[in-house]
Amino acid sequence: MPSEQEMIQQRLDKRARLLQAADPYPARVRRTHTTAAAVEAFTAGGEVEGATEVTVVGRVTAQRVMGKAAFLDLRDGSGRLQLHFRRDVLDDFEHLSLVDLGDFLEVTGSMFRTRTGEVTVGVASWRVITKALRPLPEKWHGLTDTEARYRQRYLDLIANERSREIARSRSIIVSAIRQFFLDRGFLEVETPVLQEHAGGAAARPFLTHHNALDRDLFMRISLELHLKRLLVGGFEKVFEIGRVFRNEGVSYRHNPEFTLLESYEAYADYHDVAAMVEELLGFVAMRVHGTTEFNHGDVSLSLKTPFARTTYHGALLEHTGIDYRQYPTTAALLGVARARNVPVSDGASWATILDGLMSTFVEPKLVQPTFIFDYPTALSPLAKKKVDDEDTVERFELFALGYEIANAYSELNDPVDQRERMEAQSAKQVEGDDEVEVADEDFLVAIEHGMPPAGGLGIGVDRVVQLITGEHSLREVILFPTMRDRGDE
RNA sequence: GGGCCCGUAGCUCAGUGGUCAGAGCAGUGGACUUUUAAUCCAUCGGUCCUGGGUUCGAAUCCCAGUGGGCCCA
């Protein structure tokens with residue numbers, strides 16, 4: 001019999017023996033203090049031995065048994081507290097042999113300080129409130145196997161304080177973002193995940209099927225087109241924090257589902273949005289770090305306003321010497337890319353090649369937060385063209401630590417222009433490029449009713465968490481990242 | 001997409017062609033009434049990721065696959 005099975009069987013036997021005395025999984029437990037509050041109450045009360053009675057609950061994380069006495073460590077959400085069991089005090093002392101690391105206990109007793117100085121509960125009564133059947137990771141080295149940490153995140157959270165800290169930071173970040181927008185009078189909304197067309201971005205969607213309607217539906221790849229419908233409907237400031245799904249590879253940089261924030265503000269333009277993004281990131285950093293300047297390893301990052309600003313054309317010129325306007329045809333630009341050893345897939349469009357140059361030579365250099373303004377029209381079918389230059393649109397992206405954090409436009413609201421550009425994208429799809437914007441007739445009809453001028457914003461929330469926590473891998477900031485099949489079950 | 005590294009007990013890891021694959025922690029049995037990585041004695045526990053191949057002999061070498069990580073694009 002495999003040893004893991006043996007250990008489980010031993011614990012099942014203990015569970016059965018516990019059951020003879022009392023249910024080791026009671027529905028109701030008593031708790032007068034968290035472990036942190038118990039220590040606090042003891043010290044606040046002048047550390048008088050026997051004066052502070054507490055009932056605490058938590059998980060057993062260590063056992064030091066010495067014949068007629070035992071010390072156990074109990075951990076709850078607030079911290080850790082030592083328990084002291086004595087045979088001369090407890091008539092059920094022998095039942096401690098039925099307790100394993102990982103079990104949950106409810107313990108009542110009075111606080112004292114041991115001669116080695118540790119605040120401890122002298123246990124007067126106790127019971128098991130959850131019997132665990134499987135062993136936890138090793139107490140000293142914990143769980144380091146990356147794969148196990150992702151696949152069994154609960155074990156990672158038990159074993160690694162850093163993982164708990166990232167999860168807490170993420171929660172603070174998301175609630176800070178929400179508060180930031182609510183404070184500015186934005187309305188938080190929820191729009192459909194299941195859509196007839198997966199629009200608003202260029203990405204492969206997931207396809208699913210509605211049985212009752214006998215109809216194929218796509219999972220959304222962005223929030224954009226429905227939020228814009230709400231601008232048509234008269235809301236002036238809306239935002240959504242939502243999960244989107246892109247049917248692409250998995251790696252430390254990409255997860256097929258990720259969290260996107262989008263906001264739309266009527267009567268604002270992309271410069272207004274840029275100013276708001278600066279404030280937003282500073283606000284979030286203050287909430288987590290208490291400062292806008294912090295270090296990640298040897299990189300010191302400043303989210304202090306204002307961020308650096310450059311243009312798409314200027315940034316590419318600066319980092320590569322390439323003036324892309326000199327290469328207006330696909331063939332010409334392809335020659336430039338090949339000369340620089342940038343791999344280009346067959347049939348790549350002019351816009352795709354240009355994007356490849358940017359992501360190869362410019363983006364990795366952008367460590368401190370940097371706005372890149374004014375993108376080529378061909379890359380941005382939903383952004384408004386510049387007044388004096390129809391090959392360029394009012395769009396910026398924000399980069400930091402070498403990756404994209406935010407993307408924003410002065411939103412295209414001319415329905416005629418919008419229709420032409422969506423149809424041009426659809427034509428590319430017919431040519432075989434499956435990562436293009438899809439024409440959404442229902443959306444076009446909506447904006448034909450009139451969508452006010454607006455500034456729109458998209459921010460990858462997972463990326464913001466990476467930026468603020470300094471985590472290199474997306475899989476560290478997503479609690480349950482998508483993993484491949486282990487293939488053994 | 002390409003390159004490199006890794007996968008051995010529940011966990012953390014040794015073991016680079018030669019007896020029956022090891023240690024620590026965890027588990028089990030014993031000693032121990034202020035320990036805290038408790039200590040001491042004894043002991044159980046293995047699909048060496050999977051499948052092929054080379055060899056008298058493979059955890060170890062080779063090939064393929066698979067899962068993970070890192071780097072490059």
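In what follows, every chain begins at residue 1, and chains take the letters A, B, ... in the order their sequences are listed. Since the structure is predicted, the reported quantities are computational estimates derived from the model, not experimental observations.
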query = Using a cut-off of 4.0 Å between protein heavy atoms and nucleotide atoms, how would you tag nucleotides 1-6 of chain B 5' to 3' with B, S and -?
reply = ------
inquiry  = Looking at B:rG22, which nucleotide sits across from it as a Watson-Crick or G-U wobble partner, both distances under 3.5 angstrom, or is there none?
reply    = B:rC13
request  = For A:R87, report the nucleic acid contact type (base, sugar-phosphate, nothing); a contact means any heavy atom under 4.0 Å.
outcome  = nothing
Any donor-acceptor N/O pair under 3.5 Å between B:rU35 base and A:E118 side chain = no
ask   = Reckon A:D88 touches a base, only the sugar-phosphate, or nothing at all at heavy-atom distances under 4.0 Å?
value = base
ask   = Considering residues at least two apart in sequence or located in another chain, which fulfil the side chain to side chain contact (heavy atoms under 4.5 Å, CB included) criterion with A:R151?
value = A:E147, A:M483, A:R486
ask   = Considering only the P atoms, how many Å lie between B:rC49 and B:rG15, rounded to the nearest integer?
value = 15 Å
inquiry  = For A:E118, is there an ion pair with A:R113 - N to carboxylate O distance below 4.0 angstrom?
reply    = no
message = I'd like to know if A:T114 reaches the base of B:rU35 with its side chain, counting only an N/O donor and acceptor under 3.5 Å.
response = yes
query = Looking across every strand, which nucleic acid part, if any, lies under 4.0 Å from A:G356 by heavy atom: base, sugar-phosphate, or nothing?
reply = nothing
ask   = Just by distance, do the side chain of A:R309 and the backbone of A:F373 share a donor-acceptor pair under 3.5 Å?
value = no
inquiry  = Please classify the nucleic acid contact of A:R113 as base, sugar-phosphate, or nothing, using heavy-atom distances under 4.0 Å.
reply    = nothing
Sugar-phosphate only, base, or nothing, as touched by A:Q63 at under 4.0 Å among non-hydrogen atoms = sugar-phosphate
request  = Compute the ring centroids of A:H319 and A:F361, then answer whether they are less than 6.0 Å apart.
outcome  = no
inquiry  = In this structure, how many angstroms lie between the P atom of B:rC70 and the CG atom of A:D145, rounded?
reply    = 13 Å
remark   = Only residue of A:V57, A:V128, A:T130 satisfying side-chain contact (heavy atoms from CB on, under 4.5 Å) with A:E106 is A:V57
inquiry  = Centroid separation under 6.0 Å, is that true for the rings of A:H296 and A:F294?
reply    = yes
